[in-house]
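One structure is given here, and the rest of the page talks about it.
Note that these values count all heavy atoms, side chains included, but never hydrogens, waters or copies made by symmetry.
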Amino acid sequence: MARSQPLTWAFLVLSAAILVVSSLKLVYVPLAVWFELRRGTMLRGARALRAGPQAGRHPPGSDDFSVSVIVPAYNEAVVLRGCIESILRTRHPGLEIVIVDDGSTDGTPEVMNELAGAHEAVRVVSQPNAGKGAALNRGIAQAGGNVLVFVDADGVFSPMTIPWLLTGLRDPHVGAVCGDDRPVNLDRVQTRLLSVISHLGTGLARRALSVLHCLPIVSGNIGAFRADLVRQVGGFRTDTVGEDLELTWRIYEAGYRVCFEPRAIVLAESPSTVRALWRQRVRWSRGLLQTVRHHWRMLGNPAHGVFGIFLGFNAVTMIVVPVLQLLVLLLLAVLVPRGMLAVDGSVVQLAAWLGLVVTVGLTVLGIALNAAWRDLGNLWTVPLWPLYSVFMALTMATALVLEARGGPAAWNKAQRTGVVTEQALRGILRREEA
């Protein structure tokens, strides 16, 4: 029995550490609510979010910018046309679209050349396969706008996505604006689960971190940057698979901040298979680890203000906690079968119900803040969240191993399906008025 005490204590200490760190994130709730209250948009719903386009007006100040939308494309023939055509419906004068083909082996070049021939606003560039960062930099070199909007080739935009995105740049201290990306392919259990989970990230976390001036990433499929600032900091790195994350940190290093605009909505494909999800999340985890390696001096560094301090906390929650979760599960698997840890069934049941109530409550709040009421119909996926949490912990552990070994890190993007579900489109896009 004495031999089991160190393992038991390790289990209790690690569990307590995870609980404490996770509980600290509850501060996101009042901050996210304050984000909406100070804007006067609290629970006004999707109709209020689309008030600008419904009235035929642009958001104030959005016309002050010339915009270049840069679309890197590698084997995107299935989705590219729909993406570009949705961007072309944008209500913004003088907008240009630069498509960069990164050595595609499918019909992408033919599709983009057809689009360029049919639309004066579309320009195309081709290069040998060099990765997403290099494709984005090629687009930056070709772009003429004073604002660069970086998007993925599977995005579906509303006519007001980009105008809303530009409103954040009215503040001269803001270097970049992140929009709200949501799943477009709600045709499987997995994608419905991801749609609900996304509201915790966009509904709560992005709002809260925007209030704190700590938003750590401008999503690669919906973000607007000041063009001169991007060129000043050197564009995208080509030695990381987390190029959007790494660039965002350099925006903060340059003395600017990043904000979130929830009305700038883009629909994009979520991984529809477990294998595709695994590859995506391992890539994301490796991108974080690579960014931390490049900018480790920023972590917890007050010289970078509250953002530097937050990065220390973020590294703990995103890198350390997943590893601790796996260790706790391993200890549980060792201690319980051998009778080294007494588990009170009533306590487990209470913890499970408490966790369920908190999870559902936070998710409903996130859905409410995003005015995405139709996603309440996907709450039945909540019981799958513990499995998803373990899955995510395993992706981080795998990324740590791959980075330690120096394994190759390629673009490795998901295979596109071209699925666009009506449920995703309803409530986001509206039919153009004649």
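Side chains of Y252 and P216 form no contact here, defined as non-hydrogen atoms less than 4.5 Å apart. Here the side chains of V196 and W385 are in contact, with some heavy-atom distance below 4.5 Å. Considering only heavy atoms from C-beta on, R39 comes within 4.5 Å of P262 through its side chain. For the pair L212/L31, a side-chain contact is recorded, criterion being any heavy-atom separation below 4.5 Å from C-beta on. Counting heavy atoms from C-beta outward, V189 and W380 have side chains that approach closer than 4.5 Å. Side-chain atoms of L369 and E36, non-hydrogen and from C-beta on, do get closer than 4.5 Å to each other. Between N221 and F150 there is no side-chain heavy-atom pair separated by less than 4.5 Å. Two residues are said to be in side-chain contact when any heavy atoms from C-beta on lie closer than 4.5 Å; V358 and L362 meet this criterion.
Under the 3.5 Å distance criterion, the side-chain polar atoms of R231 are matched with a main-chain donor or acceptor of I140. For N75 (side chain) and T105 (main-chain N/O), a donor-acceptor pair under 3.5 Å exists by modelled atom type. Side chain of S68 to backbone of L148: no donor-acceptor contact under 3.5 angstrom is found. Not one N or O on the side chain of S22 forms a donor-acceptor pair closer than 3.5 Å with the backbone of L19. No donor-acceptor distance shorter than 3.5 angstrom exists from the side chain of D154 to the backbone of A268, with no hydrogens or angles considered. Of the possible polar contacts, one joining the T161 side chain to the I265 backbone as a donor-acceptor pair under 3.5 Å is found. Checking side-chain atoms of T248 against main-chain N and O of V218 turns up a donor-acceptor pair under 3.5 Å. Formation of a donor-acceptor pair under 3.5 Å by the S86 side chain with backbone atoms of F157 is found in this model. T108 places no side-chain N or O within donor-acceptor distance of the main-chain N or O of S104, the cut-off being under 3.5 Å. Panel note: side chain H92, backbone F65; a donor-acceptor pair is recorded below 3.5 Å.
The environment of CH2 in W34 is sparse: at most 12 heavy-atom neighbours from other residues, nucleotides or ligands sit within 6.0 Å. Atom CZ of R275 has 12 or fewer neighbouring heavy atoms from other residues, nucleotides or ligands inside a 6.0 Å radius. The neighbour count for R38 CZ, taken as heavy atoms of other residues, nucleotides or ligands under 6.0 Å away, is above 12.
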**Q.** side-chain contact (heavy atoms from CB on, under 4.5 Å) between I319 and L400, worked out
**A.** CA-CA 9 Å; I319 301 173; L400 285 165; 4.2 Å; yes
Q) Would W278 and T398 satisfy side-chain contact (heavy atoms from CB on, under 4.5 Å), going step by step from the backbone distance to the final call? A) CA-CA 10 Å; W278 174 266; T398 301; 3.3 Å; yes
Q) Between D244 and I217, is a side-chain contact (heavy atoms from CB on, under 4.5 Å) present by the stated rule, with each step listed? A) CA-CA 7 Å; D244 49 0; I217 182 171; 3.9 Å; yes
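Using a cutoff of 4.0 Å between basic side-chain nitrogens and carboxylate oxygens, D152 and K132 are scored as salt-bridged. Between R257 and D171, at least one side-chain nitrogen of the basic residue sits less than 4.0 Å from a carboxylate oxygen of the acidic one, meeting the salt-bridge criterion. Comment: R81 does not engage E76 in a salt bridge, judged by the lack of any side-chain N to carboxylate O separation of less than 4.0 angstrom. D180 has no carboxylate O lying under 4.0 Å from a charged side-chain N of R207, or vice versa, which leaves the two without a salt bridge. Taking 4.0 Å as the cut-off between side-chain N and carboxylate O, R123 and E96 count as a salt-bridged pair.
Rounding to the nearest 0.5 Å places CG of L88 at 9.5 Å from SG of C83. We find the SG-CG distance between C259 and L215 to be 8.5 Å, quoted to the nearest 0.5 Å. In this structure, CG in L299 is found 8.0 Å from CG in N314, a value given to the nearest 0.5 Å.
No side-chain N or O of Y256 forms a donor-acceptor pair with one of R250 less than 3.5 Å apart. A side-chain N or O of T202 and one of N370 form a donor-acceptor pair less than 3.5 Å apart. Under the 3.5 Å distance criterion, with hydrogens and angles disregarded, no donor-acceptor pair is assigned to the side chains of Q290 and E246. Donor-acceptor pairing under 3.5 Å is recorded for the side chains of D102 and Q127.
Between W249 and H295, the two ring planes are tilted [angle within 30° to 60°]. Ring orientation note: the planes of Y388 and F391 are close to parallel, at an angle under 30° on the 30°/60° scale.
Contact detail for W296 and R293: the closest heavy-atom pair is CD1-O, 3.3 Å. The nearest pair of heavy atoms linking R182 to A372 is NH1-CB, 3.7 Å. What you find for R89 and P159 is that their closest heavy atoms are O-CB, 3.4 Å. The shortest non-hydrogen separation linking R286 to A399 is CG-CB, 3.6 Å. V174 and R226 make their closest contact through O-NE, 2.7 Å (heavy atoms, listed as atom of the first residue, atom of the second, distance).
None of T381, N378, D375 except one satisfies the side-chain hydrogen bond (donor to acceptor under 3.5 Å, both in side chains) rule with R192; the exception is N378.
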